[in-house]
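Heads up, the thing below is written out as structure tokens.
All residue numbers refer to positions in the sequence shown, counting from 1.
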Amino acid sequence: MKFAVRTHTGLVRERNEDAVLALPALGLFMVADGMGGHDFGAEASGIAVERVRREVERASKTLDLDGMAQVLEQALHASHDDIVSFSRQRAAGQTMGTTATVVWLRYGRAAVGHVGDSRLYRLRQGSLEQLTRDHTLIQDAMDMGRISAEQAEDSPYRNVLSRALGSEGRSQPDIFTLDLMPDDLLLLCTDGLDKVLSDAEITAVLACPGTDLQNRAAMLEEMALARGGPDNISLILVEEAPEDSFHQAEAPVQAN
């Protein structure tokens with residue numbers, strides 16, 4: 001399984017509150033974008049990544065796709081509970097939370113869990129598709145027909161989340177499954193990337209012929225930094241491969 005991971009503080013923020021996880025031996029990949037003062041955003045994203053990792057590692061290797069999806073849903077609910085508990089016990093009840101977008105791949109199929117506005121994209125035959133829906137107040141308003149896409153671009157509320165792990169009563173994850181094709185390319189990213197680069201710009205990099213995943217990931221990061229790097233930037237690229245390649249184990253990557 002080919003993959004590439006990048007995470008950067010950006011050029012404005014003092015801390016990197018994103019967390020990323022890449023465990024190719026398990027087919028598990030995740031990005032999380034934490035929020036909260038006094039570095040509690042980094043704590044929240046780190047808690048979520050660690051809990052999801054533990055739950056997937058404990059899961060049976062014989063699970064079917066529905067079972068994998070159920071494990072991810074339980075893991076994200078447990079992550080939410082862990083963050084709430086940490087906030088009450090060690091953060092004096094301060095608000096802290098995180099987005100989470102996680103993909104668990106096995107033999108050309110994937111279970112996906114998603115909360116917040118980090119995103120999962122799929123590039124297939126040169127066409128980019130956003131597979132997750134942003135959990136933001138603006139996206140909710142757009143879905144209800146209250147505002148247009150043009151109005152949303154200029155709204156001061158475009159980054160206000162309607163769901164996040166750690167947020168009381170607003171943490172329900174979206175859970176779904178995917179059938180993948182050989183040469184599908186998945187992009188998981190926090191909003192430090194997709195808020196400054198257009199879909200067309202992302203597509204141009206991902207579809208660049210003769211460029212390996214590491215270079216494409218670096219190009220996306222550099223482009224986001226060139227736009228001012230206003231937020232933390234994290235991304236993971238995962239390339240679908242023939243079934244036998246899923247048996248090749250590589251070293252895990254985890255960062256906060």
Side-chain angles (χ1 to χ4, degrees), residues 10 13 17-20 30-37 40-49 51-52 69-70 72-88 91 93-103 111-122 129-178 187-199 202 230-236:
R13 301 293 179 90
E17 296 188 327
D18 290 353
V20 298
M30 179 175 176
V31 296
D33 182 356
M35 52 198 163
F40 290 133
E43 291 281 1
S45 60
I47 288 168
V49 162
R51 187 57 185 259
V52 169
Q70 185 176 18
L72 288 189
E73 183 169 21
Q74 292 170 347
L76 290 173
H77 282 303
S79 298
H80 167 77
D81 293 341
D82 288 350
I83 294 167
V84 171
S85 177
F86 182 96
S87 174
R88 290 172 177 169
Q94 291 195 52
T95 298
M96 55 187 291
T98 186
T99 70
T101 298
V102 52
V103 176
V112 179
H114 167 69
V115 184
D117 65 351
S118 296
R119 291 180 176 179
L120 172 65
Y121 293 91
R122 177 179 60 199
E129 179 182 4
Q130 181 181 334
L131 300 178
T132 51
R133 173 190 172 276
D134 292 347
H135 296 144
T136 62
L137 296 181
I138 288 300
Q139 185 63 55
D140 292 346
M142 289 173 61
D143 292 346
M144 291 184 285
R146 293 180 177 175
I147 63 171
S148 67
E150 292 74 18
Q151 291 172 317
E153 285 295 323
D154 298 325
S155 172
Y157 303 106
R158 63 192 296 259
N159 295 324
V160 179
L161 298 180
S162 57
R163 290 191 229 173
L165 299 181
S167 296
E168 297 284 1
R170 300 185 299 129
S171 64
Q172 180 61 37
D174 290 340
I175 304 293
F176 58 94
T177 60
L178 298 171
L187 165 64
L188 297 82
C189 64
T190 57
D191 65 352
L193 183 78
D194 62 71
K195 289 296 190 296
V196 296
L197 299 184
S198 68
D199 284 3
I202 294 173
D231 202 349
N232 304 149
I233 305 159
S234 295
L235 66 124
I236 302 175

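Distance alone, capped at 3.5 Å, is enough to place a donor-acceptor pair between the T132 side chain and the L120 backbone. R170 places a side-chain N or O within donor-acceptor distance of the main-chain N or O of S162, the cut-off being under 3.5 Å. Looking at D33, its side chain never comes within 3.5 Å of a backbone N or O of T99 through a donor-acceptor pair. The backbone N or O of Q172 lies less than 3.5 Å from a partner atom in the side chain of R163, making a donor-acceptor pair. Q151 contributes a side-chain N or O that, together with a main-chain N or O of S148, makes up a donor-acceptor pair within less than 3.5 Å. Counting only distance, with no hydrogens or angles, the side chain of S45 and the backbone of E17 share a donor-acceptor pair below 3.5 Å.
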**OP:** Let me see the working for M35 and L161 under side-chain contact (heavy atoms from CB on, under 4.5 Å), right down to the final yes or no.
**Re:** CA-CA 11 Å; M35 52 198 163; L161 298 180; 3.4 Å; yes
**OP:** Mind running side-chain contact (heavy atoms from CB on, under 4.5 Å) on T190 and D231 for me, showing each step along the way?
**Re:** CA-CA 9 Å; T190 57; D231 202 349; over 6 Å; no
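Distance check, rounded to the nearest 0.5 Å: OG1 of T101 to CG of L131 gives 10.5 Å. Atoms CG and CE, from D134 and M142 in turn, are 9.0 Å apart once rounded to the nearest 0.5 Å. D174 contributes atom CG, which lies 10.0 Å from atom CD of E73 (distance to the nearest 0.5 angstrom). Atoms OG and CG, from S118 and D194 in turn, are 8.0 Å apart once rounded to the nearest 0.5 Å. Taken from OG in S79 to CD1 in I47, the straight-line distance is 9.0 Å, to the nearest 0.5 Å. Annotation: the span from L165 atom CG to R51 atom CZ amounts to 12.0 Å, rounded to 0.5 Å.
Proximity of L193 to L187: side-chain heavy atoms (C-beta onward) are separated by under 4.5 Å at one or more points. Side-chain atoms of D143 and R133, non-hydrogen and from C-beta on, do get closer than 4.5 Å to each other. At a threshold of 4.5 Å between non-hydrogen side-chain atoms, the residues P173 and H77 count as touching. You'll find the side chain of K195 reaches within 4.5 Å of the side chain of D117, heavy atoms only. H114 places a side-chain heavy atom less than 4.5 Å from the side chain of H135. Residues V52 and L76 form a side-chain contact, since some pair of their non-hydrogen atoms from C-beta on lies under 4.5 Å apart.
The side chain to side chain contact (heavy atoms under 4.5 Å, CB included) test applied to A141 returns R146, I147, not counting sequence neighbours. Listed by chain and number, the residues in a side-chain hydrogen bond (donor to acceptor under 3.5 Å, both in side chains) with D191 amount to none (sequence neighbours excluded).
With 3.5 Å as the limit, one finds a donor-acceptor pair spanning the side chains of S234 and D18.
Contact detail for T177 and A69: the closest heavy-atom pair is CG2-CB, 4.2 Å.
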